[in-house]
Student: 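This structure is in structure tokens; I'll ask about it shortly.
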Amino acid sequence: MHDTVEAAARAAAQSAPHKPERPLLVLRPNRGLFDLDLASIWRFRELLFFLVWREIKVRYKQAALGASWAIIQPLFAVLIFTLIFGMFARIPSDGIPYPLFALTGTLPWTYFAEAMRRSGLSLVTDADLVRKIYFPRLILPIAMTIAPLVDFLITFVILLCMMAWYGVAPSWHVVFLLPLTLLASCLGLTMGLWLGPINVRFRDVMHTLPFLIQVWMYASPIVYPLSMVPAKWQALYALNPMVGVIEGFRWALLGTHSPNLVAIGISALVTLVGLTAGMVFFKRMERTFADII
Amino acid sequence: MSTTAISVAGLGKEYRIGTARQRHNSLRDLLEDRVKSLLRKRGGDDTRTFWALNNATFDIRHGENVGIIGMNGAGKSTLLKILSRITEPTSGVARIDGRVGALLEVGTGFHMELTGRENVFLYGSILGMPKEEIARKFDDIVEFAGISNFIDTPVKRYSSGMYVRLAFAVAAHLEPEILLLDEVLAVGDLAFQRKCIDFAKNLQQRNATILFVSHNMHSIKTMCERVIYLRKGEVQFDGPTEKGIELYEKDCRLSTLPWMKEDRESWPIEVTQCELFDEAGNPKTIFEHGERMRVRLTYNCRQPLVDPNFIVVAMRADEVACCNYSNETDGTSLGRIDGKGTIELLTPPLKLVSELYSISILVREKGFQKLLCAQAGPGFHVRHPLYDMHFGVFHEEAQWKVVA
């Protein structure tokens, strides 16, 4: 959708200085490929805020244990990983206590997977809004990428407690967690931008997602270290953009060997290209959302 | 400031029939369809398109109140959806000068798990109100809705009436310069509808521009001085309300009732004429309370029917069926009918209160089975010296006596 402050209106306003002309909204078929209109997201920032707020509020309502689920879930996952992969399969963990190793991987992974899942489904979940209310549609996947940050922060606190328990002190590298988290957000949003419009058209996405998330998880160094991947597969493996993020988290928090710059670089590149293309794709598909959802 | 609030030129919206009617909800459907259309030689059917709105051109001045009327599928909602930016036009341009508020449905975006208070803020921001404005108007909104005791209760515990009242209370505190209203006023009971009209009138006094889509000619008459009548996506008439409604009602006569799903071409029987007379046989549309009415139906049977059941319903503007006559219930068997024919119903004295009614004609198979045809008939007035809708649906004299 296209809204512009018409040049003509401006000119008219300038020629008649006594009264500034109001901006004129012009609706016409949109043809521009790169007309992303990101400024409109800023104009709708309050709606973005309320949608994020709604997500956080609603998340654990009606659950007897409430927000403690945000603590139970990652702890339980790590417990299972530790039992199966750490104790039974004896998978090495780069000399780090296995629970700590697994939780550092689970932390960015769970956030990314949630951001991808929720932003990918957001348009269909809020189909009523899409059908009956105007707002920049990009707001929905963006809100769903921001909302799971709350769970992420809670898990992060658990991780800090666990580090204290094992007597591992973080180095100054922790400051890199910020850009790494941003990378995970952008990656989650990227997936949402691609999956969302497809899901509007084909609900198959909804059914494929859990499967995709599971496969992707095992294709990422969460329960096993990157060093376990055979050398000849390493290059191919690093194409998975989550490899750089997870390895980056381990390095920034636990100080495992030197940072894997190649993996992080690949991750950043994939995200940049994917996000830009995703925005264009999303904007292109956006026109028909209300008609076919 | 220009005097034009909305300027629409050559506006059109094209839908692909494949996507609008039988949308593919899964990839499998799509693949299946694609394969089928490959097998069918140049299966042109799938790529057929239709214009839900076609080449609409009109200007609306600031402060004007315009009703958009037309039958189902005439393009009314499409027009509002384009103007409110929910969907994009396929062709043409619309220029809008002023802050737009669009109410296509009351309560979209309410979340059941959140409390009334939380929903006021969420819904307000969805409708485009700044947070600070919602906070300022919060007390007014709650008072308007009349649910202050429940404001901190989750909305899922609300009755549907409370829910709509709260949603509407938020919407009623919008202060748009241009308001797009779609059939919103049709929800709720009559008292609520009146509240909605008051809201619109209040906006009118503040010189807001209102574009109002409705099937309810009564609300259109009270609110709008001008109507745009859409027919099959095109502007059929644009001018004074009375004339537009007259034209529309003429076109509506014997049209398919909106809820009828069966295609008219496939109906085994169709009513081709419906006329109203008084008892003596003079054509009439205004009846006195207590008068009898003759309804003469001319039909065309496309296949022989045995003992069909003709049903004539008097409907009020708010879709309340006030009374109902069926030849089967009244013990008249029509036997075997085929081709053209005419039947007549003589009602008992009409005891309805003063109001405008419209006739709906249904034909069913014997025993109130399968629906064969559903059409809208003409309208008629009933006059009662005292009683109107506020006193009930019908009025009959009763007997009173002092007992003690």
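Here the structure is a predicted model, which means the values were calculated and not measured.
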Student: Ignoring hydrogens, what is the shortest heavy-atom contact between Pro197(A) and Leu123(A)? Give both atom names and the distance.
Tutor: N-CD1, 4.0 Å
Student: Where does Met112(B) contact chain A at under 4.5 Å (heavy atoms): side chain, backbone, both or neither?
Tutor: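 Neither the backbone nor the side chain of Met112(B) comes within 4.5 Å of chain A.
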Student: Could you report the tightest heavy-atom contact between Ile154(A) and Ile71(A), atom names first, then the distance?
Tutor: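 Heavy-atom minimum between the residues: CG2-CG1, 3.6 Å.
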Student: What heavy-atom pair brings Pro176(B) and Gly101(B) nearest, and what distance separates the two atoms?
Tutor: CB-N, 3.5 Å
Student: Which bit of Pro154(B) is near chain A, if near means a heavy-atom gap under 4.5 Å: side chain, backbone, both or neither?
Tutor: neither
Student: Answer with side chain, backbone, both or neither: which region of Leu80(B) has an atom nearer than 4.5 Å to a non-hydrogen atom of chain A?
Tutor: neither
Student: With only heavy atoms counted, which part of Thr108(B) is less than 4.5 Å from chain A, the side chain, the backbone, both or neither?
Tutor: both
Student: Should we say atom CZ of Arg61(B) is surrounded by more than 12 heavy atoms from elsewhere, each under 6.0 Å from it?
Tutor: no
Student: Of the backbone (N, CA, C, O) and the side chain (C-beta and beyond), which part of Val130(A) lies under 4.5 Å from a heavy atom of chain B, both, or neither?
Tutor: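 Val130(A) touches chain B through backbone heavy atoms alone.
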Student: Which one, Lys81(B), Glu118(B), Lys13(B), leads in non-hydrogen pairs under 4.5 Å with chain A?
Tutor: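 That would be Glu118(B).
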Student: Fit a plane to each ring of Tyr111(A) and Phe152(A), take the angle between them on a 0 to 90° scale, and name the class: parallel (under 30°), tilted (30 to 60°) or perpendicular (over 60°).
Tutor: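 It falls in the tilted class, 30° to 60°.
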Student: Check Leu11(B) against Ile82(B) and note the closest heavy-atom contact, atom names and distance.
Tutor: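 Looking at all heavy atoms of both residues, the closest pair is CD2-CG2, 3.8 Å.
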Student: Identify which of Ala94(B), Ser77(B), Ser125(B) forms the greatest number of heavy-atom pairs closer than 4.5 Å to chain A.
Tutor: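 The answer is Ala94(B).
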Student: Counting only non-hydrogen atoms closer than 4.5 Å, does Phe289(A) touch chain B with its backbone (N, CA, C, O), its side chain (CB onward), both, or neither?
Tutor: neither
